[in-house]
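Computed from a predicted structure; not experimentally measured. Along the sequence shown, the residues carry numbers beginning at 1.
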Amino acid sequence: MSEQPSFSAVADRLAALYLQPFGGKKSGRYRISARLVRQLAGRRRLYEDDIRALMRELAERGFVFVDMDSFFVVIAASTFINYRRSNEDCLT
């Protein structure tokens, strides 16, 4: 692997993908394989610290980066705003 881009640069690429048309949709949430994320990051392996760094960088850009073991999901944080809220009453 050649020079490793910063996690900030990788997050920029992942955020930009959110706005690109592919998979039959104009834009929006998507999944990306761990292999492609490693390729974007210029790394043979992604460690927990690397994934956390990407999560932080994407959160700064308004996205949630979800680790699903063999792939990752990128979704806008604003998607979660209208979700119903739980409270103490529903837990008892």
Side-chain angles (χ1 to χ4, degrees):
M1 305 249 158
S2 59
E3 185 176 321
Q4 295 177 341
S6 68
F7 288 118
S8 179
V10 174
D12 285 341
R13 294 281 309 274
L14 293 171
L17 262 177
Y18 193 87
L19 301 174
Q20 291 181 357
F22 64 90
K25 306 263 184 183
K26 287 188 346 182
S27 65
R29 66 182 185 250
Y30 65 93
R31 60 187 272 182
I32 184 169
S33 71
R35 180 185 62 81
L36 286 177
V37 174
R38 287 193 310 268
Q39 184 178 327
L40 274 176
R43 290 166 167 77
R44 289 179 189 229
R45 290 184 181 84
L46 288 175
Y47 297 98
E48 281 186 48
D49 291 344
D50 301 333
I51 294 166
R52 272 193 238 112
L54 280 172
M55 286 177 173
R56 280 191 302 272
E57 291 290 341
L58 279 161
E60 289 293 322
R61 290 157 178 79
F63 296 96
V64 177
F65 187 65
V66 183
D67 181 0
M68 302 295 291
D69 289 331
S70 62
F71 63 91
F72 298 94
V73 173
V74 177
I75 190 166
S78 62
T79 301
F80 301 100
I81 290 174
N82 292 323
Y83 279 21
R84 63 190 180 134
R85 294 179 187 200
S86 62
N87 58 32
E88 287 184 37
D89 292 340
C90 71
L91 296 177
T92 55

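Separating the CD1 atom in Ile32 from the CZ atom in Phe65 is a distance of 7.5 Å, to the nearest 0.5 Å.
When every heavy atom of Val10 is checked against every heavy atom of Leu40, the shortest pair comes out as CG2-O, 3.7 Å. A pairwise comparison of heavy atoms in Ala41 and Pro5 identifies O-CD, 3.3 Å as the closest pair.
Applying the salt bridge (charged side-chain N to carboxylate O under 4.0 Å, His left out) test to Asp67 and every residue at least two apart in sequence or in another chain returns nothing. Ala34 meets the side chain to side chain contact (heavy atoms under 4.5 Å, CB included) test with Arg38, Phe72; sequence neighbours excluded. Asp89 pairs by the side chain to side chain contact (heavy atoms under 4.5 Å, CB included) definition with Asn87, not counting sequence neighbours. Judged as a salt bridge (charged side-chain N to carboxylate O under 4.0 Å, His left out), and not counting sequence neighbours, the contacts of Arg52 are Glu48, Asp49. Residues satisfying the side chain to side chain contact (heavy atoms under 4.5 Å, CB included) criterion with Thr92, sequence neighbours excluded, are absent altogether. Residues meeting the ring pair (Phe, Tyr, Trp, His ring centres under 6.0 Å) test with Tyr30, sequence neighbours left out: Phe22. Residues that satisfy the side chain to side chain contact (heavy atoms under 4.5 Å, CB included) test with Val64, not counting sequence neighbours, are Val66, Ile75, Ala77, Phe80.
Among pairs with a residue in residues 75-85, none fulfils side chain to side chain donor-acceptor pair (under 3.5 Å), at least two apart in sequence or across chains. The list of side chain to side chain donor-acceptor pair (under 3.5 Å) pairs with a residue in residues 53-62, not counting sequence neighbours, reads Ser8-Arg61, Asp12-Arg61, Glu57-Arg61. Residues in residues 17-26 take part in no side chain to side chain donor-acceptor pair (under 3.5 Å) pair, two or more places apart or across chains. Residue pairs satisfying the ring pair (Phe, Tyr, Trp, His ring centres under 6.0 Å) criterion with at least one member in residues 36-58, sequence neighbours excluded, are absent.
The cluster map of Ile, Leu, Val, Met, Phe, Trp and Tyr, joined by side-chain heavy atoms under 4.5 Å apart, puts Phe71 and Leu58 in different clusters. Leu19 and Val74 fall within a single hydrophobic cluster, where Ile, Leu, Val, Met, Phe, Trp and Tyr side chains are chained together by heavy-atom contacts under 4.5 Å. Cluster annotation: Val73 is not connected to Leu46 through the hydrophobic network of ILVMFWY side chains, with a link wherever side-chain heavy atoms come within less than 4.5 Å.
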